[in-house]
A.B. asks: 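One structure, pasted below without further comment.
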Amino acid sequence: MPKFIKAKKEKVPKTKTKKTKAAKVKKAKGKPAKAAKTKGKSLLPKNKRVLVLLAAALMIIIIGSAQAIILLTAKKKDVSKEQVQKAPSFYFSKDEDISSVTEIVGEREFEKQPASEAGQETETKETGSQAQEAGESSAGSSPQTPGSEDRYKYLHVDDTSADLKSYMDYLEGEKNFIDVTDRSQKPGQTTTEEASKADTEIYQLAGPSKDSSSYLSITLESQAGSYTVTTAKENQPWNTYFKDQWNQQKKVIADFEKQPKATNTIEQAEETVRSQGQEKLGLPDAAESYEYIAAPGISKIDGKNYYTVRAYKRHSDDTLIYVASYLFDYDTSSVAFQYDEVTEKATPLG
């Protein structure tokens with residue numbers, strides 16, 4: 001049997017393990033964090049700053065939109081005002097067919113004047129549709145009721161007398177109006193030189209209305225470089241008013257004839273004008289087809305005395321249409337001039 005030999009155990013030299021102390025790590029004492037400098041920087045968090053900026057931008061947009069709306073509204077008001085201020089093409093209602101001044105003499109700078117109290121009361125009673133129609137109609141004026149007035153002013157006119165004469169010729173020649181101006185209320189003018197210095201001219205004309213119970217009245221009043229047209233619908237039948245005017249004229253003539261007779265009478269003046277004939281008087285028809293009526297009283301023009309004799313054309317409805325005026329020289333009993341009573345200009349007869 002095999003022998004087991006015990007192996008000798010090698011002795012492992014003992015080594016002493018040195019005890020090492022754990023290195024002490026000095027903990028750095030935490031210093032308090034310095035507060036961030038806030039100079040020039042927002043205290044709000046980033047997300048809140050974004051909200052604030054968005055809100056500010058929204059406010060700017062809202063304010064800008066409001067301003068745009070205000071400007072657009074103001075422009076609309078200005079446009080509406082310009083439409084109202086446009087000169088009308090006719091006076092009264094369309095049915096009356098009375099053209100305005102601008103239709104006769106051309107475009108003029110225009111300004112609508114405040115209506116009379118009666119006219120204002122009428123306007124407040126209009127329905128919404130009527131008021132809108134009156135505002136939108138730049139071609140004419142709204143219908144007038146009896147007793148109301150409308151005033152239209154025309155500005156920066158070079159020759160006011162020429163405009164007034166042209167319009168009076170239209171009213172008398174085409175619309176059967178008659179001149180009912182109260183000459184006694186006009187400023188005293190004894191010569192053409194004084195007349196040219198006058199700042200104001202006032203003329204009143206009256207004519208028939210489509211409404212048989214009313215008549216139309218138009219007053220023309222000029223100032224330096226402008227004139228005003230006042231229209232009114234009077235609550236009286238035209239035939240009645242015309243007869244009253246005719247009777248008043250006859251009464252004035254009768255009263256004048258009661259005064260001591262002069263060498264030359266009104267009848268002589270009328271007959272002398274009639275005898276001049278169609279060609280000399282410049283009339284379109286025979287002189288005998290006209291009626292001649294002398295204005296009462298004597299006019300002094302350029303130092304001479306004249307009777308003013310007016311020629312009228314009688315229509316089938318017995319209305320008298322004014323045609324022209326002539327001057328009968330009181331001293332020489334001659335007819336040498338055609339007379340424009342609007343401009344007070346005397347033109348020698350041919």
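For reference, positions follow the sequence shown, starting with 1. Nothing here was measured: the structure is a model prediction, and the numbers come from that model.
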A.B. asks: Mind checking salt bridge (charged side-chain N to carboxylate O under 4.0 Å, His left out) for Glu174 and listing every partner two or more places apart, or none if nothing turns up?
C.D. replies: none
A.B. asks: Examine the side chains of Asp163 and Tyr227 and answer whether a donor and an acceptor come within less than 3.5 Å of each other.
C.D. replies: yes
A.B. asks: Do Pro88 and Phe110 touch side chain to side chain, with heavy atoms closer than 4.5 Å?
C.D. replies: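 With C-beta onward as the side chain, the pair touches.
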A.B. asks: Heavy atoms, side chains only, cut-off 4.5 Å: are Thr228 and Gln223 in contact?
C.D. replies: yes
A.B. asks: Report whether Val273 and Ile298 are members of the same hydrophobic cluster (ILVMFWY, side-chain heavy atoms less than 4.5 Å apart, transitive linking).
C.D. replies: yes
A.B. asks: Quick one: pull up OG in Ser334 and CD in Gln276 and give me the separation to the nearest 0.5 Å.
C.D. replies: 8.5 Å
A.B. asks: Under the rule for salt bridge (charged side-chain N to carboxylate O under 4.0 Å, His left out), what residues qualify as partners of Asp97, not counting sequence neighbours?
C.D. replies: Lys175
A.B. asks: Quick one: closest heavy-atom pair of Thr343 and Ser161, and the distance?
C.D. replies: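 Of all heavy-atom pairs spanning Thr343 and Ser161, the closest is CG2-CB, 4.2 Å.
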A.B. asks: Under a 3.5 Å distance rule, please check whether Glu149 uses its side chain to pair with a backbone N or O of Thr231 as donor and acceptor.
C.D. replies: no
A.B. asks: Is there a side-chain hydrogen bond (donor to acceptor under 3.5 Å, both in side chains) between Tyr330 and Ser333 once you walk through the steps?
C.D. replies: CA-CA 5 Å; Tyr330 183 84; Ser333 300; over 6 Å; no
A.B. asks: Under 3.5 Å, sequence neighbours excluded: what are the donor-acceptor pairs made by side chains of residues 237-246?
C.D. replies:
unit_1, atom_1, unit_2, atom_2, d
Tyr241, OH, Gln245, NE2, 3.4
Asp244, OD2, Gln236, NE2, 3.3

A.B. asks: Please name the pair of heavy atoms, one in Thr160 and one in Gly225, separated by the smallest distance, quoted to 0.1 Å.
C.D. replies: CG2-C, 4.0 Å
A.B. asks: I'd like to check the side-chain hydrogen bond (donor to acceptor under 3.5 Å, both in side chains) partners of Thr272; sequence neighbours left out, ordered by chain and number.
C.D. replies: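 Partners of Thr272 under the side-chain hydrogen bond (donor to acceptor under 3.5 Å, both in side chains) test: none.
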A.B. asks: Can any side-chain N or O of Gln278 pair as donor or acceptor with the backbone N or O of Pro284 at less than 3.5 Å?
C.D. replies: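 Indeed, once roles are kept as given, a pair shorter than 3.5 Å links the two residues.
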A.B. asks: Apply side-chain hydrogen bond (donor to acceptor under 3.5 Å, both in side chains) to residues Tyr203 and Glu201 and explain how you reach the verdict.
C.D. replies: CA-CA 7 Å; Tyr203 305 99; Glu201 295 176 90; 2.9 Å; yes
A.B. asks: Please name all residues satisfying salt bridge (charged side-chain N to carboxylate O under 4.0 Å, His left out) with Glu103, sequence neighbours left out, ordered by chain then number.
C.D. replies: none
A.B. asks: Just how far is it from atom CD1 of Ile202 to atom OG1 of Thr219, taken to the nearest 0.5 Å?
C.D. replies: 8.5 Å
A.B. asks: Considering only heavy atoms from C-beta outward, does the side chain of Gln338 approach that of Ser325 to under 4.5 Å?
C.D. replies: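 No, side chains not in contact.
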A.B. asks: Please check: side-chain N/O of Glu96 versus main-chain N/O of Ser209, any donor-acceptor pairing under 3.5 Å?
C.D. replies: no
A.B. asks: Quick one: list whatever passes salt bridge (charged side-chain N to carboxylate O under 4.0 Å, His left out) with Lys165, sequence neighbours left out.
C.D. replies: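 Partners of Lys165 under the salt bridge (charged side-chain N to carboxylate O under 4.0 Å, His left out) test: Asp169, Asp340.
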A.B. asks: Looking only at atom types and distance, does a side-chain atom of Ser65 sit under 3.5 Å from a main-chain N or O of Ile61, one as donor and one as acceptor?
C.D. replies: yes
A.B. asks: For a quick test of reading the model, state the closest non-hydrogen atom pair linking Ala87 to Tyr154 and the distance between them.
C.D. replies: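 The pair with the smallest heavy-atom distance is CB-CE2, 4.5 Å.
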A.B. asks: Which residues satisfy the side-chain contact (heavy atoms from CB on, under 4.5 Å) test with Arg274, sequence neighbours excluded?
C.D. replies: Glu271, Tyr292
A.B. asks: Any side-chain heavy atom of Tyr307 within less than 4.5 Å of one from Gln268?
C.D. replies: no
A.B. asks: Can you tell me how far CZ of Arg310 sits from OH of Tyr326, rounded to the nearest 0.5 angstrom?
C.D. replies: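 The CZ atom of Arg310 is 13.5 Å from OH of Tyr326, to the nearest 0.5 Å.
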A.B. asks: In Å, rounded to the nearest 0.5 Å, how long is the span from CG of Leu171 to OG of Ser99?
C.D. replies: 9.0 Å
A.B. asks: Tell me, do Asp179 and Tyr322 make a side-chain contact under 4.5 Å, heavy atoms counted?
C.D. replies: no
A.B. asks: Taking ring pair (Phe, Tyr, Trp, His ring centres under 6.0 Å) as the definition, give me every residue that meets it alongside Phe337, ordered by chain and number, with sequence neighbours left out.
C.D. replies: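 Scan of Phe337 (ring pair (Phe, Tyr, Trp, His ring centres under 6.0 Å), adjacent residues dropped) gives none.
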A.B. asks: Taking atom types as modelled, is there a side-chain donor on Thr102 or Arg108 under 3.5 Å from an acceptor on the other?
C.D. replies: no
A.B. asks: Hey, could you give me the OH/OG distance between Tyr91 and Ser100, rounded to the nearest 0.5 Å?
C.D. replies: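 The OG atom of Ser100 is 5.0 Å from OH of Tyr91, to the nearest 0.5 Å.
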A.B. asks: Looking at side-chain heavy atoms only, is the closest gap between Val229 and Arg151 below 4.5 Å?
C.D. replies: no
A.B. asks: What residues form a side-chain contact (heavy atoms from CB on, under 4.5 Å) with Asp95, not counting sequence neighbours?
C.D. replies: Ser93
A.B. asks: Evaluate whether atom NZ of Lys313 has more than 12 neighbouring non-hydrogen atoms of other residues, nucleotides or ligands under 6.0 angstrom away.
C.D. replies: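 Check passes, neighbour count above 12.
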A.B. asks: Do NZ/NE/NH1/NH2 and the carboxylate oxygens of Asp211 and Lys233 come within less than 4.0 Å?
C.D. replies: yes
A.B. asks: For Ser299 and Thr308, which heavy atoms make the closest approach, and how far apart are they?
C.D. replies: OG-OG1, 3.7 Å
A.B. asks: Taking atom CG as the centre, does Asn247 end up with more than 12 heavy-atom neighbours from other residues, nucleotides or ligands that are less than 6.0 angstrom away?
C.D. replies: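 Correct, the count exceeds 12.
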A.B. asks: Between Leu349 and Leu281, is any pair of side-chain heavy atoms under 4.5 Å apart?
C.D. replies: yes
A.B. asks: Within the structure provided, determine whether Glu221 and Thr230 are in side-chain contact (heavy-atom separation under 4.5 Å).
C.D. replies: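 No. Closest side-chain heavy atoms not under 4.5 Å.
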A.B. asks: By ring pair (Phe, Tyr, Trp, His ring centres under 6.0 Å), which residues pair with Tyr167, not counting sequence neighbours?
C.D. replies: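 Result, ring pair (Phe, Tyr, Trp, His ring centres under 6.0 Å) vs Tyr167: Tyr170.
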A.B. asks: How does the hydrophobic cluster around Ile62 look, that is, which other residues are in it when side-chain heavy atoms under 4.5 Å mark a link?
C.D. replies: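 Members alongside Ile62: Leu58.
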A.B. asks: Using the rule that Ile, Leu, Val, Met, Phe, Trp and Tyr join whenever any side-chain heavy atoms are under 4.5 Å apart, tell me whether Ile321 and Ile98 fall into a single cluster.
C.D. replies: no
A.B. asks: Tyr290: which residues meet the ring pair (Phe, Tyr, Trp, His ring centres under 6.0 Å) condition with it, sequence neighbours left out?
C.D. replies: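 Scan of Tyr290 (ring pair (Phe, Tyr, Trp, His ring centres under 6.0 Å), adjacent residues dropped) gives none.
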A.B. asks: Distance from Glu172 atom CD to Ile178 atom CD1, nearest 0.5 Å?
C.D. replies: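 Separation between the atoms: 9.0 Å.
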A.B. asks: Nearest heavy-atom pair of Val309 and Glu270: which atoms, and what distance?
C.D. replies: CG1-CA, 4.1 Å
A.B. asks: Checking side-chain polar atoms at under 3.5 Å, does Thr181 have a donor or acceptor matched by the opposite partner on Gln204?
C.D. replies: no
